[in-house]
Every structure is written in C-alpha cells, then in structure tokens.
Asks: 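Structure in structure tokens, see below.
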Amino acid sequence: MNINENNKEIADSQNVAVGDDWYKLSNKKICSILETNPQTGLSNQEAKLRLEKYGKNNLPKSKKPNWFIIFLKSFLDPLSLIMILSGLASGLVSAISKKIETVDITGLVIIAIIVLTNSIIATIQEIKSLNQVANLNENKQFAIVLRNSKKIEVNIEELVPGDIIFVNSGGFVPADTRIIDNQLLRIDESALTGENEPVKKISDSIKDKNLMLGDQKNIAFMSTLVIEGKMMGVIFGTGKESEIGKIANKITSHKPEKTPLEKKVTLLTAIIGLTSIILGLILFLTAWFLKDSIHPSSGGRADIKNLLLVAVSAAISLIPESLTIIVKICLMVATKKMARKNVIIKNPKSIETLGNVNVICSDKTGTLTQNKMTVDKIFIDFVEKDFKDFDKVKYKELINCISLCSDAIVEKEKIGSATEIATIEFIKKFDINYIKMRKNYERIDEIPFDSKRKLMSTLNNVDGKEMIYVKGAVDYLSNICTNKFINGKVTPLTEDDRNILNEQLYKFAKSGLRVLGFAQKEYKNPKDPYESNLIFLGCVAIIDPPREEVKKSVEEAKKGGIRVIMITGDHKITAFEIASRLGIADEVFDGVLTGQDINELSREELKQRLKRTNVFARVNPEHKALIVDLLQEDKNIVAMTGDGVNDAPSLVKADVGISMGITGTEVAKSVSDVILADDNFKSIISGVNSGRNVYEKIKYSISFLLAANISQIITLLLILLINKDIALNSVNILFHIFIIETIVAVPIGMQKERKGVMKNPPPTTKSESLLKGIWVQMIITTLFNTLFAVLNYQIAVWWFGYGTESSLAFGKTGVYMAIMYSPIFYSILYNNFFLPIRATKTICDVDKYRPNKWLLILMAVAFVVTSLTLIPVGVINDFFDFTTIGLNPILAMIFFINSLLPTVFIYFTYKLVFKWI
Ligand code: ATP
C-alpha cells in the first residue's frame with residue numbers, strides 16, 4: 001500500500017504530515033486526502049479500484065513450512081533412531097563376524113524401508129496439520145463499512161484506504177483507522193503495545209509531534225480490540241502497511257504443540273521400548289543358553305551374530321512405532337470431520353478434552369434457542385394489547401424509544417442483535433420509517449447495552465428537546481422508573497403498578513417469552529444520571545423458540561454422562577421454562593439460581609446448590625467464571641460457551657472454551673478453543689462424539705498393535721523353549737512391522753465414527769491410563785494369535801518328525817503365515833467392531849457393522865504382499881527363506897486355515913467374556 005506516498009504531494013502542499021502522523025490531521029483533512037466522504041463512504045466502484053491498486057487487507061502470512069527440513073527432522077524421532085541404531089548394530093555384528101550374508105543386508109534394507117516409510121508419513125501429516133493451522137488463521141471475518149451511503153458487511157480482506165468503518169464493543173479493528181467519531185471508546189492495544197490497560201480514545205486531532213503508538217489516541221490500530229463503546233473512522237493503512245502488518249512481517253513459523261494424548265502415547269511407547277529391550281535380552285540369553293542344543297541343521301542359528309540379530313529385531317518389533325502417526329491421523333481426520341459439522345477446532349488438544357467433558361455450560365440465546373426473535377405480545381397502558389390496537393399516533397413515545405434506542409438495521413440485510421432486530425421488525429409492520437426518525441432526531445450520546453446492566457440508553461435531540469430513551473430487562477428497568485405513561489398521561493408508578501407489571505412479566509416469562517421494556521424522560525438536568533427517574537412506556541414480549549434438534553442433543557448428552565447447564569442473562573422464569581422444554585431442568589435438577597442469589601450465597605453454599613441446579617438466570621459474566629471454577633473444583637471437566645467480550649475469562653478458564661461463530665465477538669473467538677460455526681448446541685454434542693471416537697480409535701490401535709507384536713515375541717520364545725529353534729529370521733520380523741504396523745494398523749484410525757460412544761459415560765479422566773478397558777481384548781488376541789502360530793510349528797514337527805530339516809523349514813513358514821495373516825484378518829475386529837470393554841450394549845453388533853473401505857483395501861494389499869513373500873522362488877525367497885511351502889499344498893492349506901481361526905476364536909471368546917463380565 002502506498003497511499004501515504006500517493007498523498008504526500010497533496011499533504012506537502014497543504015503543509016501537513018502524513019504516514020506516521022495521521023493523528024495530527026483534522027477529520028476533514030484526512031477525508032480530503034483519502035478522497036472519501038464520511039456521509040457516503042466510498043462507492044463500490046472506487047473501492048474495487050482501490051483494492052486492485054493497494055491489494056487485500058491481509059497480514060503477511062507465516063512462512064510455508066519447508067518439507068525437506070520436516071522430513072530430515074522426522075529421523076530424529078526416538079523410534080526412528082532406535083531402528084537406525086539397531087540396524088547399524090546388526091550390520092556391525094555381521095561385519096565383526098566377517099560373515100556378511102544376503103539376509104543381513106536385507107535386514108538393513110527392510111529397516112531403511114520402514115524408517116523411510118514412517119518418515120514420509122510423518123512428514124505428510126506434519127505438513128497437513130501446519131497447513132490446517134494456516135487455513136484456520138484465514139477464517140473469514142467481516143466488518144461494517146459505509147459504501148454508496150449504505151452500511152454493509154464486507155470481508156475485512158476487501159477493506160481499502162478511505163473506507164469509513166464502524167466498530168462496536170467486542171469487535172476487532174480491521175485496519176489502521178483514524179477515529180472520526182466515537183462513544184465512550186476504550187481499546188485494548190496490548191497486542192500491539194504490550195500495554196494491558198485499555199486506552200481511552202478520542203476523535204480530535206492531536207498537535208504533538210513524534211508520538212509513540214500508545215499515545216496516538218485518535219488512531220485505532222489493526223487487530224486491536226474495542227473493549228467498550230463504539231467508533232466510526234476512516235481507514236488509512238491496510239494489510240502489511242498497518243502497524244501490526246509491519247510487526248507480522250517479522251513473525252515466522254508456528255509449531256503446533258503436542259497434545260496430552262500424544263504425550264501419553266509417547267510415554268507408553270517409551271515404556272514399551274524399555275520392555276522390548278528387556279524381552280530382547282531375555283530372548284537372546286535364552287537362545288545363548290540353549291545355543292548348544294539348537295539344531296545344527298537350522299543353518300548356523302547358534303551363531304552369536306544370528307542370535308543377536310533376531311533378538312534385536314524382535315525387540316524392535318515390540319515397539320508400536322506407528323502409534324504416534326495413528327494419533328496424528330485420528331486428530332486430523334477428526335478436525336476435518338468436525339469442521340464439516342460446524343465445529344471449528346482451533347487447537348487439536350481440545351478434541352480430546354471435548355471427548356472427556358462431563359459438564360457443558362451453555363448460553364441460552366442462539367445456542368439452545370433459534371435466535372429468530374419475533375415480537376409476540378405487547379403490554380402498553382398497563383394492559384396486554386392486540387397488535388391491531390397498536391396505534392402509531394397514540395403510542396408515538398414508545399415508537400420513538402424503539403426506533404431511536406436501537407442500532408439495528410432491518411433492510412435487505414439485517415444488522416444488529418436479534419432482540420433489537422425483532423423490535424424494529426415489529427414497528428416496521430406499522431409503516432414506521434425508523435431510518436428517517438434516526439436522521440431527524442439525532443443521537444447525541446448513548447450508553448451501549450451491556451450484559452451487566454441489561455439496559456441501553458440514548459440521548460436524542462427530538463424537536464429541540466433532549467430526550468433520554470432507555471430499553472432493557474423489565475425487572476431492571478422498572479427499578480429506575482418513577483412514573484408511567486398511561487393513556488397519554490404521565491402518572492406516578494405506584495406499588496400496585498409494580499405488582500401488575502411483575503404479574504404480567506411472570507405471565508410472559510412462563511410462556512418462554514423474553515420481555516423487553518422501554519422508558520424515557522426529558523433530559524433537563526445534566527447532573528441527573530441517564531438511567532434514573534424514568535417514565536415507563538410499555539414492553540414487548542419476544543418469542544425465541546428453542547432449537548428443535550437441541551432436545552434430542554440434551555438427551556444424548558445425558559445418556560453420555562454429560563450434564564447440561566444453562567447460563568443466561570434472561571429472566572429466571574423464561575430461562576426455566578425453556579430449560580424445562582429442552583430437558584435441561586428435570587426432576588433431579590429442578591432449581592434455578594439468579595445472579596443475585598449467587599451474590600448472596602457463600603462459596604461453599606453455592607457449591608452445594610450447584611449440585612442440583614442446572615439453570616442460572618440473570619447472571620453476569622463474572623458469575624459464569626465462578627460457576628466454572630466451582631465445577632472444576634469438584635473434578636468436573638467443563639465446556640463453556642460464550643460470545644461477549646466479558647465472557648473471555650470464563651472461556652479461558654473452562655477446559656474447553658467454545659465461542660459462537662455467528663454472534664460471537666472477535667475476543668470470544670480469539671480466546672476460545674473451539675468455534676461453533678452455526679452457534680448450535682447440537683454441534684457441541686457432535687464435537688464430543690468425535691472427541692470420544694478419537695480416544696476410542698487410539699485405544700483400538702494400541703491394543704491391536706501390542707497384541708500383534710507381543711504374540712510375535714512370545715511365539716519366538718515358546719518355540720525356542722519347546723523345539724530349540726529360532727522360528728523367524730530378522731527379515732521376517734521386520735517385515736511384520738512393515739505390513740502390520742504401517743499398512744494394516746493405520747486405517748484403524750480412519751474408521752467411521754461410532755454413535756454408540758455417546759451411550760457411555762465420558763471415557764477418561766485426565767490421568768487415566770491409555771490401556772484401561774482394552775486389556776481383555778489384548779490378552780485374548782495375543783493368546784489365540786500365539787497359540788495358532790505355535791500350533792503351526794508343532795504340526796510341522798508332527799508331520800515330518802522332530803528335528804528333521806523339513807519340520808524346521810515348514811515349521812518356520814507356518815509360524816510366519818500365522819504371525820502375518822492372523823492380524824490382517826482380525827484387524828477387522830478392531831475396526832469399529834471390538835469395543836472397549838465398557839461399551840456393554842453395542843459390542844459386536846454384526847448387523848450394524850460396516851467396515852471401513854480403507855481398511856478393506858489395505859487388508860487386501862497386505863494380504864497380497866505377504867503372499868508374495870511366500871513364493872518359493874527367486875530373490876524374494878532368498879530374503880524370506882521359504883523354500884518349501886509350495887511343495888506341500890495340504891500343509892499350506894492347514895497353515896492358512898490356522899491363520900484364519902484366531903479371528904473366529906477371538907470373536908467368540910471376547911463375546912463370551914464380555915457377557916460374563
Ligand atoms: P444468553 O442466554 O446468550 O446469555 P441473553 O440474550 O439471554 O443471552 P443478555 O444478552 O445478557 O442475555 O440479555 C439479558 C436481558 O437484557 C434480556 O433478557 C433482555 O431483556 C435485555 N436485552 C437484551 N438485549 C438487549 C439490548 N440490545 N438492549 C437492551 N436490553 C437488552
């Protein structure tokens with residue numbers, strides 16, 4: 001952007017400073033330099049031209065990750081290092097023993113293939129996840145801008161110098177902007193200046209020279225945050241020409257941190273790594289101890305080099321190398337799936353936490369309700385009226401208040417809060433031109449709505465009189481009213497009137513309506529606060545129906561052991577009514593607490609009440625933070641929704657902070673872990689479902705991998721002890737890792753999500769072991785896999801006689817077939833079929849079972865590749881040593897059937913054990 005240079009000429013001729021000195025110029029001069037008009041804004045055509053000229057209003061993107069460096073780094077992964085070292089060790093042993101054979105070189109080649117495959121997958125995953133983070137940062141955001149005299153919403157990327165923009169409290173400033181008008185504006189500039197205290201801003205020019213950014217009080221800088229009040233301004237610096245853009249240029253890459261689950265998996269792998277060394281050592285020592293009795297016919301197996309090689313390979317094979325990759329895949333697949341279901345995960349860590357959540361604290365408006373508000377009833381002159389009796393002349397005062405004390409615009413596009421839009425839509429039905437009224441009765445001052453006061457006030461010039469208009473929650477408003485407007489006359493608001501009002505409020509609220517009151521006064525005494533001594537004008541009751549799908553989601557949550565709490569700013573009765581309709585308030589949780597009740601209770605009392613209260617009404621954001629705090633003290637894992645600036649502390653405090661994509665302020669979005677693109681409570685539940693599925697899939701993968709790997713090492717040990725033979729060579733063992741871990745185990749993480757996870761309580765606490773609930777299936781699988789592998793060997797012994805050359809050769813082939821084929825077949829049981837032992841109702845539900853297509857494809861690939869290694873000819877056979885199997889089709893058939901049988905046995909035994917448990 002070089003608007004500064006472009007206008008330097010004009011500026012110089014006018015003898016004013018530009019560039020860093022925008023704060024010195026008067027509003028008028030700035031607009032003339034930027035060739036814009038604060039009343040009309042730029043024309044669409046001009047904005048388009050400027051966009052072409054100055055480019056998009058984007059911050060410089062962080063540098064793209066270099067795939068080669070990521071690839072190289074992946075070799076530093078501890079598991080790859082172990083494998084490389086053990087490969088080198090086995091090579092070294094061969095070299096020392098000066099008997100380098102084909103088999104040893106093959107061992108090295110296979111290790112190289114595995115390490116390379118792992119590294120390639122890790123690199124692809126890492127690049128994908130980095131790109132995903134980058135895409136998230138590109139989330140679309142919109143700003144309100146004046147173009148062709150109309151306020152419209154545009155993507156902030158399309159803002160150009162000269163655009164007149166409007167930012168309200170809770171919004172981010174979309175570009176460097178000179179403030180030309182503001183109301184009680186305070187901006188948090190900590191992102192830019194590091195100063196924590198929000199800065200009070202002004203709209204006048206400043207004479208001083210060389211001011212620091214923090215002292216340029218009439219400038220709103222890009223990416224800073226409007227904490228209070230609102231502003232109108234003219235943009236002068238966009239994209240990389242903005243102050244934050246200059247800083248962003250220096251920011252480089254972003255490294256995603258490991259999630260707790262990834263950390264747990266790394267720890268587990270490390271423990272297994274240690275165990276594997278011990279087991280390898282046991283295997284080696286046993287073989288060493290028995291070395292004199294090992295069959296001489298087994299081709300020098302008693303050789304220390306061979307023993308070492310087998311022990312090292314077996315030890316490596318125990319480590320579930322692909323687990324970290326599976327975790328990454330699971331998290332990535334879940335992030336993508338969730339985005340499709342309107343749940344945008346900002347931080348992968350929150351997927352797991354979402355799965356563990358046992359309390360969800362949800363806002364009411366928009367999340368549990370539709371946020372499609374319509375005025376349903378009116379209460380004027382202290383009676384409920386029909387719409388047909390609404391007389392626009394008679395109720396002129398009320399109409400003024402509705403039109404003027406509001407920022408909503410209801411034209412082709414609707415801008416503003418749903419509550420205000422509903423009231424404007426209501427008066428529009430009576431042909432009231434609220435826009436014209438706002439022009440004629442200029443707003444002089446205002447106090448914006450905030451969820452603490454639950455009121456909004458404006459000061460307008462109405463036909464020469466200064467009028468205060470206030471609207472807000474009726475119970476708050478009536479407290480500051482002293483008079484009422486009734487049949488065109490002002491009379492005192494008596495105790496009886498208040499009772500009538502309260503009764504009416506109760507009646508509306510009981511029908512689930514939200515009630516908004518209106519009041520006014522003439523502003524005669526400047527010392528008099530705006531929000532006092534008002535004249536009550538009437539109220540409207542707004543219907544905001546609950547979202548249809550939410551009732552089912554609440555039910556689902558309850559079944560899944562999750563408690564749903566409603567926290568709202570709305571009236572207690574309205575809140576309770578909606579909560580009852582949605583099943584949030586029920587026989588167990590039948591209490592309601594208001595913000596006032598909370599203030600009166602001690603911390604301990606509140607903690608007790610919290611145990612039976614699911615509805616919190618008329619609360620402030622501070623109460624929300626307190627509720628999260630107390631729930632967490634009771635060891636709950638809490639998800640909390642929020643949309644306002646003031647919700648930020650509770651969103652940060654909650655285990656999962658969830659902000660609203662549509663109604664949420666930028667602050668809420670920036671501090672939350674998850675954004676709901678559709679603001680819908682149902683999406684939270686799909687998020688929980690995905691989170692639980694991720695956890696479950698990882699458990700499946702762990703039990704699958706461990707069972708296959710442990711079976712292999714135990715089979716080796718057993719055959720060594722029984723038959724004094726080493727049944728697998730190092731190439732066989734390493735090939736097992738390659739096929740089972742890299743090809744068969746990975747799609748377990750890509751299986752379809754299972755709805756059944758929501759039928760159980762949350763799967764884990766923060767400290768639960770990853771192995772909890774999967775022991776049974778792991779033991780059963782290991783048992784049958786090992787049993788049939790050893791059986792194959794023993795059949796060969798029985799067939800050919802103990803110690804014969806054929807028994808050794810066929811036995812080895814039989815073991816290899818069982819060890820390789822069995823996991824390929826029973827992997828299908830781990831694909832959504834086996835459930836962790838808790839999932840009592842849905843285990844092995846054959847009818848509903850649909851295997852994942854990726855698993856089927858990869859099973860077929862694994863099957864074909866494994867079968868190729870059995871072909872007793874040529875190079876393959878040199879590597880794998882299977883010279884015999886083709887010579888005896890009957891035995892080959894028996895071995896094959898024995899490789900299939902573990903799947904059947906595992907299935908039925910698991911079912912039996914399951915029933916028994
Ligand atoms: P949630 O349920 O999402 O917490 P809510 O909309 O119920 O939000 P608030 O936005 O804090 O809660 O509103 C509380 C009350 O303030 C409403 O019941 C209504 O009477 C009043 N109110 C809401 N919006 C406005 C507004 N723009 N101006 C004045 N009063 C408002």
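In this chain, residues are counted from 1 in sequence order. Start at 1 and go down the list; that is how both ligands and their atoms are numbered. Model, not experiment: these values are computed from the prediction.
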Asks: Specify the protein heavy atom at minimum distance from atom 6 (O) of ligand 1: its residue, its atom name, and the distance to 0.1 Å.
Replies: R514 NH2, 2.7 Å
Asks: Identify the closest protein heavy atom to atom 2 (O) of ligand 1: which residue and atom is it, and at what distance?
Replies: T568 OG1, 2.7 Å
Asks: Treating D673 as the side-chain partner and G657 as the backbone partner, does any N or O pair qualify as donor plus acceptor under 3.5 Å?
Replies: yes
Asks: Assess the pair F518 and Y469: is the distance between their ring centroids shorter than 6.0 Å?
Replies: no
Asks: Under 4.0 Å from ligand 1, counting heavy atoms only, is it the side chain of E420, its backbone, both or neither?
Replies: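 Looking at E420 and ligand 1, just side chain atoms fall under 4.0 Å.
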Asks: Among all protein heavy atoms, pick the one closest to atom 14 (C) of ligand 1 and tell me residue, atom and distance.
Replies: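 Here the closest protein heavy atom is G569 O, 3.2 Å.
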Asks: For T458 and N460, test the side chains for any donor-to-acceptor distance below 3.5 angstrom and give the result as yes or no.
Replies: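 A pair is found: one side chain offers a donor N or O, the other an acceptor, under 3.5 Å apart.
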Asks: Just go through R618, H571, M456 and tell me whose heavy atom is the nearest to atom 15 (C) of ligand 1.
Replies: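 Residue with the shortest heavy-atom distance to the ligand atom: R618.
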Asks: List ligand 1 atoms under 4.0 Å from V515, heavy atoms only on the residue side.
Replies: 20 (O)
Asks: Do me a favour and list the nearest non-hydrogen protein atom to atom 13 (O) of ligand 1 with residue, atom name and distance?
Replies: F449 CZ, 3.7 Å
Asks: Passes salt bridge (charged side-chain N to carboxylate O under 4.0 Å, His left out), K551 versus E555? Steps please.
Replies: CA-CA 6 Å; K551 190 165 186 213; E555 221 169 89; 5.4 Å; no
Asks: How about K454: does its NZ atom have over 12 heavy atoms from other parts shown lying under 6.0 Å from it?
Replies: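 Enclosed: over 12 neighbouring heavy atoms sit under 6.0 Å from NZ of K454.
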Asks: Please write down residue, atom name and distance for the protein heavy atom closest to atom 11 (O) of ligand 1.
Replies: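 The closest heavy atom on the protein side is S451 CB, 3.4 Å.
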Asks: What are the atoms of ligand 1, with element, lying closer than 4.0 Å to any heavy atom of L516?
Replies: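 Result: 19 (C), 20 (O), 21 (C), 22 (N), 30 (N), 31 (C).
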Asks: Does ligand 1 have a heavy atom under 4.0 Å from the side chain of K471, from its backbone, from both, or from neither?
Replies: both
Asks: If we count only N and O atoms by modelled type, under 3.5 Å, do the side chains of S203 and N182 hold a donor and an acceptor together?
Replies: yes
Asks: Does any N or O atom in T365 lie less than 3.5 angstrom from one in ligand 1, N or O only?
Replies: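 In this structure, T365 places an N or O atom under 3.5 Å from an N or O of ligand 1.
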Asks: Sub-3.5 Å donor-acceptor pair from the side chain of R453 to the main-chain atoms of L455, do we have one?
Replies: yes
Asks: Specify the protein heavy atom at minimum distance from atom 18 (O) of ligand 1: its residue, its atom name, and the distance to 0.1 Å.
Replies: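 Nearest neighbour among protein heavy atoms for atom 18 (O) of ligand 1, to 0.1 Å: D570 OD1, 3.0 Å.
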Asks: List ligand 1 atoms under 4.0 Å from G472, heavy atoms only on the residue side.
Replies: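 The atoms of ligand 1 under 4.0 Å from a heavy atom of G472 are 29 (C), 30 (N).
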Asks: So does K412 have more than 12 non-hydrogen atoms from other groups sitting under 6.0 Å from NZ?
Replies: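 For K412, atom NZ is not crowded (no more than 12 foreign heavy atoms under 6.0 Å).
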Asks: M566 near ligand 1, heavy-atom distance under 4.0 Å?
Replies: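 It does not; every heavy atom stays at 4.0 Å or beyond.
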Asks: Between the side chains of T365 and R514, does any donor sit under 3.5 Å from an acceptor?
Replies: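 Yes, a side-chain donor-acceptor pair sits under 3.5 Å.
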Asks: Check the side chains of D597 and T594 for a donor-acceptor pair under 3.5 angstrom, ignoring hydrogens and angles.
Replies: yes
Asks: Going by the order shown, which atoms of ligand 1 are within less than 4.0 Å of some heavy atom of K364?
Replies: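 The list of qualifying atoms is 1 (P), 2 (O), 3 (O).
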Asks: Taking only heavy atoms of A473 into account, list the atoms of ligand 1 that are under 4.0 Å away from them.
Replies: 20 (O), 21 (C)
